[in-house]
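The structure appears below as structure tokens.
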Amino acid sequence: VVSCGQPAVSAFLSSRTWETFGRTEVIDNTLNPDFVRKYIMDYFFEEKQNLRLGKVFLKCGLFSPGADVLFSLHHSGIPGKKCGTIILTAEELSNCRDSAMMQFCANKLDKKDFFGKSDPFMVFFRSNEDGTFTICHKTEVVKNTLNPVWKEFAIPVRALCNGDFDRTIKVEVYDWDRDGSHDFIGDFTTSYRELARGQSQFNVYEVINTKKKMKKKKYVNSGTVTLLSFSVESEFTFLDYIKGGTQINFTVAIDFTASNGNPSQSTSLHYMNPYQMNAYAMALKAVGEIIQDYDSDKMFPALGFGAKLPPDGRVSHEFPLNGNIENPYCNGIEGILEAYHQSLKTVQLYGPTNFAPIINHVARYAAAVQDGSQYFVLLIITDGVISDMAQTKEAIVNAAKLPMSIIIVGVGQAEFDAMVELDGDDIRVSSRGKLAERDIVQFVPFRDYMDRTGNHVLSMARLAKDVLAEIPDQFISYMKSRGIKPNPAKSPTPQGKQHKE
Ligand SMILES: *[C@@H]1O[C@H](CO)[C@@H](O)[C@H](O)[C@H]1NC(C)=O
């Protein structure tokens with residue numbers, strides 16, 4: 001029930017200023033308007049995309065999983081006065097990625113060649129908004145027949161009808177001529193929706209030559225074209241899996257080696273400045289705040305490596321930041337930051353910088369859920385120089401077989417040459433002659449993203465954008481290679497559609 005005048009959706013955030021993104025139509029004289037205008041918005045997994053409706057802020061990651069979002073409107077002048085509820089429904093435009101596979105044959109086409117029969121081929125056109133036509137497919141020529149059977153072909157649905165299932169598709173049938181002056185046999189129109197019915201009486205088309213029809217009283221047609229088969233192949237997206245319930249298990253690992261410097265000194269990368277986050281905290285927050293939208297319970301395991309632990313001073317390369325091996329989960333990004341600060345006070349920074357134990361730690365969990373219900377993202381934040389390169393490569397090659405991605409953020413001023421090697425963008429990581437099945441590592445040095453004017457919000461947004469950009473593709477490459485399809489989307493919340501008069 002909306003009762004605050006004329007409601008209008010109003011804003012879209014681009015970096016620092018709000019821009020109007022869309023405005024609904026006005027519906028007169030009702031407190032329960034059902035707005036029909038839709039807005040198409042580009043979706044980027046790796047960015048924080050915020051929407052504002054009046055004074056209410058929304059994150060795109062929250063409403064992308066297909067369910068309705070309900071939020072209450074409050075009166076700005078009278079605190080506590082409620083002004084109704086707005087229901088926002090978002091869906092992903094999916095048909096744009098589908099490909100249609102079709103096969104056609106024709107019967108009793110007109111004979112056009114003086115010697116022999118015809119050499120028929122077909123040309124497909126999609127119609128544009130302005131009524132013009134654009135060619136989108138040409139079949140091969142079948143020689144010397146009036147009853148050709150063309151080969152099956154695939155065409156992106158976008159190319160065929162721009163994703164609009166009811167849009168006219170025009171098909172022209174020609175007789176091929178060596179000199180290029182192909183003879184027009186006739187044409188017919190259809191639509192994606194009709195074709196999608198597959199082989200049936202509805203998909204037999206009369207090929208009509210309008211000129212011939214006007215001249216000859218007894219003209220029936222210039223033959224028929226029959227659809228023999230039709231199927232659609234969809235490319236699933238990251239969001240399809242998230243909608244189907246796949247959870248992202250986000251694990252954080254923090255470097256507690258001595259090279260970071262004594263945390264009590266301001267030169268340390270772990271220095272806790274009461275007024276400003278250190279690079280570890282910034283990297284963690286930047287990446288974590290985006291990933292957490294895809295993790296429903298927002299409980300994140302957080303680990304440390306390269307420190308001496310109390311009470312016995314044993315060096316550990318995989319210890320829980322909250323000190324609880326049974327339950328390493330921290331509550332949200334804030335919880336991780338708190339556990340991180342706490343452990344800085346209790347452990348002693350040491351070394352060496354071993355990555356393999358952490359990677360193998362997460363890989364053990366990933367190995368236990370290979371059915372597509374979970375995908376593991378390990379964020380390693382480190383000041384650099386890795387000590388167990390051979391073991392780390394071996395761990396990466398093994399992890400590449402699992403539902404897992406690794407993000408490494410380098411902080412500080414070290415040389416990160418070795419890390420670049422782990423990021424298989426140019427040369428795929430290999431170990432003992434085995435090549436990693438997929439590229440699962442993304443490495444970035446945080447210093448490259450630092451805003452020169454000291455705007456940390458900007459630095460963090462840039463870092464997250466780059467570091468997360470490859471995750472959806474890595475995720476899809478795993479699901480595809482294992483033949484895992486997304487589960488059907490969970491139905492939207494039932495209260496979403498109720499409108500009480
Ligand atoms: C997520 O992964 C961590 C290991 O990185 C593991 O401790 C935790 O149990 C996993 N969570 C779930 C729900 O499987």
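Read the numbers this way: they start at 1 and go in the same order the structure lists the ligands and their atoms. Side-chain atoms are counted along with the backbone in the values below, which use heavy atoms only and exclude waters and symmetry mates. This one's a predicted model, so the numbers in the text were calculated from it and none came from an experiment.
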- Qualifying ring pair (Phe, Tyr, Trp, His ring centres under 6.0 Å) pairs with a residue from residues 445-474, counting only residues at least two apart or across chains: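 Those involving residues 445-474 do not exist here.
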- Message: Enumerate the salt bridge (Lys or Arg N to Asp or Glu O under 4.0 Å) contacts for residues 320-346, please, sequence neighbours excluded, ordered by first and then second residue.
- Response: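 Passing the test, one end in residues 320-346: K285-E334.
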- Message: In terms of relative ring orientation, are Y375 and F475 parallel, tilted or perpendicular, with 30° and 60° separating the classes?
- Response: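 If you compare the ring of Y375 with that of F475, the planes turn out tilted.
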- Decide whether the shortest distance between a heavy atom of R364 and an atom of ligand 1 is less than 4.0 Å.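 Checking ligand 1 against R364, which is what was asked, there is no heavy-atom contact under 4.0 Å.
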- Message: Can you tell me which residue among F305, F319, Y280 is in a ring pair (Phe, Tyr, Trp, His ring centres under 6.0 Å) with F256?
- Response: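 The ring pair (Phe, Tyr, Trp, His ring centres under 6.0 Å) with F256 is passed solely by F319 among F305, F319, Y280.
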- Task: Using a 4.0 Å heavy-atom threshold (strictly under), name the region of Q247 that reaches ligand 1: side chain, backbone, both or neither.
- Result: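 Q247 to ligand 1: no contact under 4.0 Å from either part.
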- Item | Identity and separation of the nearest protein heavy atom to atom 3 (C) of ligand 1 |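 Atom 3 (C) of ligand 1 sits closest to the protein heavy atom P301 CG, 3.6 Å.
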- atom 1 (C) of ligand 1 - nearest protein heavy atom and its distance: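 Nearest neighbour among protein heavy atoms for atom 1 (C) of ligand 1, to 0.1 Å: N249 ND2, 1.5 Å.
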- Query: Which of the atoms of ligand 1 are close to T251, meaning less than 4.0 Å from one of its heavy atoms?
  - Reply: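 Atoms satisfying the 4.0 Å criterion: 2 (O), 3 (C), 4 (C), 5 (O).
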- Item | Closest non-hydrogen atom pair, H270 against N260 |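 Distance-wise, the nearest heavy atoms are CD2-CB, 3.6 Å.
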- Task: Name the option, out of F376, Y329, Y365, F250, that contains the heavy atom nearest to atom 13 (C) of ligand 1.
- Result: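 Heavy atom nearest to atom 13 (C) of ligand 1 belongs to Y329.
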